[in-house]
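Below is one structure, written out as structure tokens; comments come after it.
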Amino acid sequence: MSSHDIRRPFKRPAISDQQRRRELSLLRQSQNRHDAQLQARRLASTVLSLQSDYNSSSQEQQVDLEVTDELESCPEEVEDDYGHHKDAHDLRQATKLRGPDARLWFAKQLMLPEWMIDVPDKLNTDWYVFARPAGKRCFVVSSNGTTISRLRNGVLLHRFPSALPNGARTNNSKAAQSYCILDCIFHESDETYYVIDGVCWAGISLYECTAEFRFFWLNSKLAETGACDVPSAYHKYKFSALPVYNCDKEGLQTAYAGQVPYVKDGLLFYNKHAQYQTGNTPLSLVWKDEHCSQYVIDTDNKGQVQSQQQLVLELLDDGRLATSDDPPVIFGCLLGEFMQKTALHRGDLIKFAIGEGGLVVVDSKLEKADLKYLGKSNRARAFADSYSKVLFQHAARYSPLRIEYLFASISSYVEGGNSTQDAEMAG
């Protein structure tokens, strides 16, 4: 393939403002400082204290936070300019939440990657890449001689002893104030927690550390504790750090086609300068194709691809249909008569199919969406789809962002006279 052929696919025009929002996110994180130590301590307290609500591990696993309708009393909610609820709950008060509020609160504590719909600038110098394991995304918290993992909806996954700081009742347990919070994916086939990021280690907050530092720190500390060792009496599940590569041609090729001990579910890209930012962020991106993921296009509960793309939107007070982004992207508006007829209310998550009219994007902004109402979404969902997911899924059906475009972006940057680093693992 000639160099001209390699460069040509990258001429694909941008279909969103993802790059602009990346630049704003980097600027904002340098301006907005918060008490990260307190944030981490409260998150650990919330995840652990939920265990006191129930009498046993087996009972905990049977509790359905996803369908509990009765909400305990909580602080008054506040609206933002878009009709969304601001998070008026203190982190400790999240232990009282049930149903949709519990799912939403826990899900928002994770850093959620946007879907890559445009290739980032300086991909080969400012970004890491690694193969994402298939499995259950969760928080793992070790404290007070025990370790607990919770899914993104707050439901208990496991309680177990571990080699993490203060994660088991052994003679070498750390001080009571020592705790650890890891962002993981639990891979069921080999019963391993793959660590994709870290929030806190031995009581030290990592919220405001760059991804470059967090990955180096986690690789070093996990090896020191023995958490990556085979399971034992005081370490029930194995933990594993993921091989993270500089996103140059060699690193991208290794992450994309290299062998790993787990089932791949796409690639994750992290901006090296990004802090751990809760909620959706354009500084972390997910991308996939048929080679590195079993499910590129969304499927139904039987694993079948639907004939029409489906999406889930949140209903706002005035009938507007919004994504989970901040600020949200509005896809349309329902008439009051239709809302009454279908018993829809503010905050409902509603499923739609995209009709033959498709999506119309002009100058990186959504102009029109041909939506066909399907009904309310599954109650297990925490929030609506993000705008980037909708665009990625739409592109995957008609004009996918292929791996060749990513390699072409790297090649064009190097050929333009910019230097790149040799491929190596972070940490």
Side-chain angles (χ1 to χ4, degrees), residues 39-66 91 94-95 97 102-112 132-170 173-174 178-203 206 214 218 221-222 225-242 262-263 265 276 278 380 382:
Q39 171 83 4
R41 189 179 303 117
R42 287 179 172 177
L43 175 57
S45 174
T46 301
V47 174
L48 290 166
S49 61
L50 275 178
Q51 65 180 302
S52 64
D53 293 344
Y54 315 108
N55 296 324
S56 69
S57 177
S58 61
Q59 286 178 320
E60 252 187 315
Q61 292 179 345
Q62 295 172 4
V63 172
D64 189 4
L65 289 179
E66 300 175 354
L91 291 169
T95 60
L97 299 177
R103 297 196 299 274
L104 185 59
W105 187 89
F106 272 96
K108 283 188 173 181
Q109 305 314 305
L110 291 164
M111 184 163 77
L112 304 174
R132 181 174 71 168
K136 298 177 179 179
R137 182 86 180 272
C138 58
F139 271 129
V140 175
V141 176
S142 63
S143 182
N144 299 321
T146 190
T147 305
I148 286 178
S149 59
R150 290 192 181 274
L151 303 177
R152 57 189 292 175
N153 58 14
V155 172
L156 178 78
L157 180 57
H158 297 129
R159 182 194 287 122
F160 58 100
S162 77
L164 297 175
N166 209 4
R169 297 187 181 280
T170 60
S173 290
K174 305 296 182 182
S178 177
Y179 59 95
C180 181
I181 308 174
L182 299 179
D183 184 346
C184 299
I185 292 177
F186 182 68
H187 191 254
E188 293 189 84
S189 61
D190 60 2
E191 294 195 320
T192 298
Y193 281 95
Y194 288 95
V195 182
I196 62 174
D197 212 329
V199 175
C200 181
W201 186 271
L206 302 177
R214 296 197 308 273
L218 289 172
K221 297 300 180 182
L222 283 171
T225 61
C228 297
D229 296 345
V230 296
S232 63
Y234 294 101
H235 185 63
K236 185 173 181 180
Y237 293 102
K238 179 182 177 181
F239 287 78
S240 180
L242 293 168
Y262 51 83
V263 177
D265 186 25
Y276 194 95
T278 58

_Closest non-hydrogen atom pair, Asn144 against Arg169_ = O-NH2, 3.3 Å
*Looking at CG of Asp197 and CD1 of Ile185, how far apart are the two atoms once the value is rounded to the nearest 0.5 Å?*
11.0 Å
*Listed by chain and number, what are the salt bridge (Lys or Arg N to Asp or Glu O under 4.0 Å) partners of Lys236, not counting sequence neighbours?*
none
*Does Tyr276 reach the main-chain N or O of Met111 with its side chain, forming a donor-acceptor pair under 3.5 Å?*
yes
_Residues, nucleotides or ligands: over 12 heavy atoms within 6.0 Å of Tyr262 OH_ = yes
*Residues in side chain to side chain contact (heavy atoms under 4.5 Å, CB included) contact with Asp190, at least two apart in sequence or another chain*: His187, Thr192, Tyr194
_Going by the rule side chain to side chain donor-acceptor pair (under 3.5 Å), which residues pair with Tyr237 if we only count those two or more places apart in sequence or in a different chain?_
His158
*Taking the side chain as C-beta and beyond, is there a heavy-atom pair between His235 and Phe160 under 4.5 Å?*
no
*Between Gly167 and Ser142, which heavy-atom pair has the shortest distance, and what is it?*
CA-CB, 3.6 Å
*By side chain to side chain donor-acceptor pair (under 3.5 Å) - contacts of Asp265 (at least two apart)*: Arg132, Lys288, Ser293
*Might you point out which heavy atoms bring Gly198 and Arg214 nearest each other, and give the distance in Å?*
O-CD, 3.5 Å
_Quick one, Val195 with Val140, criterion side-chain contact (heavy atoms from CB on, under 4.5 Å). Give me CA distance, side-chain angles, the key distance, then yes/no._
CA-CA 9 Å; Val195 182; Val140 175; over 6 Å; no
*Which atoms form the tightest heavy-atom contact between Arg150 and Leu156, and what is the distance?*
NH1-N, 3.3 Å
*Asp183: what forms a salt bridge (Lys or Arg N to Asp or Glu O under 4.0 Å) with it, not counting sequence neighbours?*
Arg137
*asked:* If you define the side chain from C-beta out and look only at heavy atoms, does anything of Ser149 sit under 4.5 Å from Tyr193?
replied: yes
Side-chain atoms of residues 225-233: list all donor-acceptor pairs with protein atoms under 3.5 Å, sequence neighbours left out, distances to 0.1 Å.
from: Thr225; atom 1: OG1; to: Lys221; atom 2: O; distance (Å): 3.4
from: Thr225; atom 1: OG1; to: Leu222; atom 2: O; distance (Å): 3.1
from: Thr225; atom 1: OG1; to: Ala227; atom 2: N; distance (Å): 3.2

*asked:* Working note: Trp201 + Leu182, criterion side-chain contact (heavy atoms from CB on, under 4.5 Å); need CA distance, chi angles, decisive distance, verdict.
replied: CA-CA 8 Å; Trp201 186 271; Leu182 299 179; 4.2 Å; yes
*Taking the side chain as every heavy atom from C-beta outward, state whether Gln109 and Val199 have any pair of such atoms under 4.5 Å apart.*
no
*With rounding to the nearest 0.5 Å, note down the distance linking CD1 in Ile148 to SG in Cys138.*
12.5 Å
